[in-house]
Amino acid sequence: MEILVTTNGPVMEVRLNRPDKKNAITVAMYSALADAFEHAAADPAVRVVTINGSGGVFTAGNDIGDFIAVRPGGEDMPVFRFLRAIAACPKVVIAGVEGLAIGIGTTMLLHCDLVLAASGTTFSMPFVNLGLVPEAASSLLLPRLIGRQRAAKHLLLGDSFDAETALEYGLVTGIVPAEELGRQLCALSERLAAKPPEAVRLTKALLIAPDCSVADRIAAEGALFEERLASAEAAAAFTAFFERGRKSG
Ligand code: COA
């Protein structure tokens, strides 16, 4: 199995498992990735999805053999199904990257909520060098994240960058020693899974909601905030706060 999916309580782990080819992603793998993310979206028991690689590598990007062999098939192609599913995923998505994050290995991170990078990871988007153009909305999201000139350095010149630069860019959340990556990814997903589920779900929905005016967003948040004040989750958190105060007092 080149995409391994395991579910552990509320956490679904998706692993790229083609280490002999640096986890280069084939059409069949995109299809399995799309299935996994669509399943995660539909299953109320899943609250966090992690995606990581194997063999010390995240992924060397799209399988180049497939670029030659596979006839483009428009929006129904598995790669687009995967990209739509990860971009719109209603569950928290956490990536753990190490070694190489090439092409879609970097661009998919723009759709993750949290990204842990092993120290020594190299990121690159060599689309132009291959005679191609950016994908996964990276031509929109990368300049928005890091500014147009720095995006051009990576999307036009194809310059690679290291984990420290990715952290400075805000493309990754943190850098961890390579041997710690699996453990820290687990710890982070467990931390998230322990939080009030509905509050997490609504916050994720706000984070990926389409752009709107500040006034409209304040109003949308306000309506949800009011509902949340009356929720059982908030009541439990408020009670715990005052009980903690009584215990320490
Ligand atoms: N598509 C298909 N096969 C790939 C691949 C890719 N994107 N990346 C690596 N592989 C395969 C290699 O062909 C090789 O297969 P083989 O053992 O049958 O010859 C195997 O994975 C190991 O790769 P190799 O090149 O020997 O390892 P390396 O450590 O010397 O270099 C890379 C690793 C990733 C730097 C190099 O393979 C590379 O540049 N790959 C292409 C990356 C790329 O441009 N991706 C597309 C982005 S849009």
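Each ligand, and each atom within it, is numbered from 1 in the order the structure gives.
At least one donor-acceptor pair closer than 3.5 Å links the side chain of T173 to the backbone N or O of V115. Proximity of a side-chain donor or acceptor of R47 to a complementary backbone N or O of A193 within less than 3.5 Å is detected. Using a distance-only test at 3.5 Å, with no hydrogens or angles considered, no donor-acceptor pair links the side chain of S31 to the main chain of V27. A distance-only check finds no donor-acceptor pair linking the side chain of T50 to the backbone of I94 [under 3.5 Å]. With hydrogens and angles ignored, the 3.5 Å screen pairs a side-chain donor or acceptor of H111 with a backbone N or O of A136.
Backbone and side-chain nitrogen or oxygen atoms of I64 are examined, and one is located within less than 3.5 angstrom of a nitrogen or oxygen of ligand 1.
Sorted by first and then second residue, the pairs that involve residues 97-113 and meet salt bridge (charged side-chain N to carboxylate O under 4.0 Å, His left out), not counting sequence neighbours, are D113-K204.
Annotation for ligand 1: atoms under 4.0 Å from non-hydrogen atoms of L100 are 34 (C). If you number the atoms of ligand 1 from 1 as listed, the ones under 4.0 Å from a heavy atom of D20 come out as 20 (C), 21 (O), 22 (C). If you number the atoms of ligand 1 from 1 as listed, the ones under 4.0 Å from a heavy atom of F127 come out as 48 (S).
Atom 21 (O) of ligand 1 is approached by the protein to below 4.0 angstrom, counting heavy atoms only. Protein non-hydrogen atoms do not reach within 4.0 Å of atom 13 (O) of ligand 1. Closer than 4.0 Å to atom 25 (O) of ligand 1 lies none of the heavy atoms of the protein. Inside a 4.0 Å radius of atom 37 (O) of ligand 1 there is not any protein heavy atom. For atom 2 (C) of ligand 1, the nearest protein heavy atom lies closer than 4.0 Å. Using a 4.0 Å threshold on non-hydrogen atoms, atom 40 (N) of ligand 1 does not count as touching the protein. By the definition of a contact as any protein heavy atom under 4.0 Å away, atom 30 (O) of ligand 1 is not in contact.
Both F58 and Y30 are part of a single hydrophobic cluster, where members link through side-chain heavy atoms under 4.5 Å apart.
Selection from R18, K21, K22, M125 by nearest heavy atom to atom 16 (P) of ligand 1 gives K21. For atom 7 (N) of ligand 1, the choice among I102, N62, T26, D63 with the nearest heavy atom turns out to be N62. When G61, G55, A60 are checked for heavy-atom proximity to atom 45 (N) of ligand 1, A60 turns out nearest.
Every residue two or more places apart in sequence or in another chain that forms a ring pair (Phe, Tyr, Trp, His ring centres under 6.0 Å) with F161 is listed here: F123, H154, Y169.
In A24, the part holding a heavy atom less than 4.0 Å from any atom of ligand 1 is the side chain. Neither the backbone nor the side chain of N129 comes within 4.0 Å of ligand 1, counting heavy atoms alone. When non-hydrogen atoms are compared, ligand 1 lies under 4.0 Å from neither the backbone nor the side chain of L132.
Remark: N8 CG is loosely packed, at most 12 non-hydrogen atoms of other residues, nucleotides or ligands lying under 6.0 Å away. Within a 6.0 Å radius of CZ in R217, other residues, nucleotides and ligands contribute more than 12 heavy atoms.
Atom OG1 of T107 is separated from atom CG of L109 by 7.5 Å, given to the nearest 0.5 angstrom.
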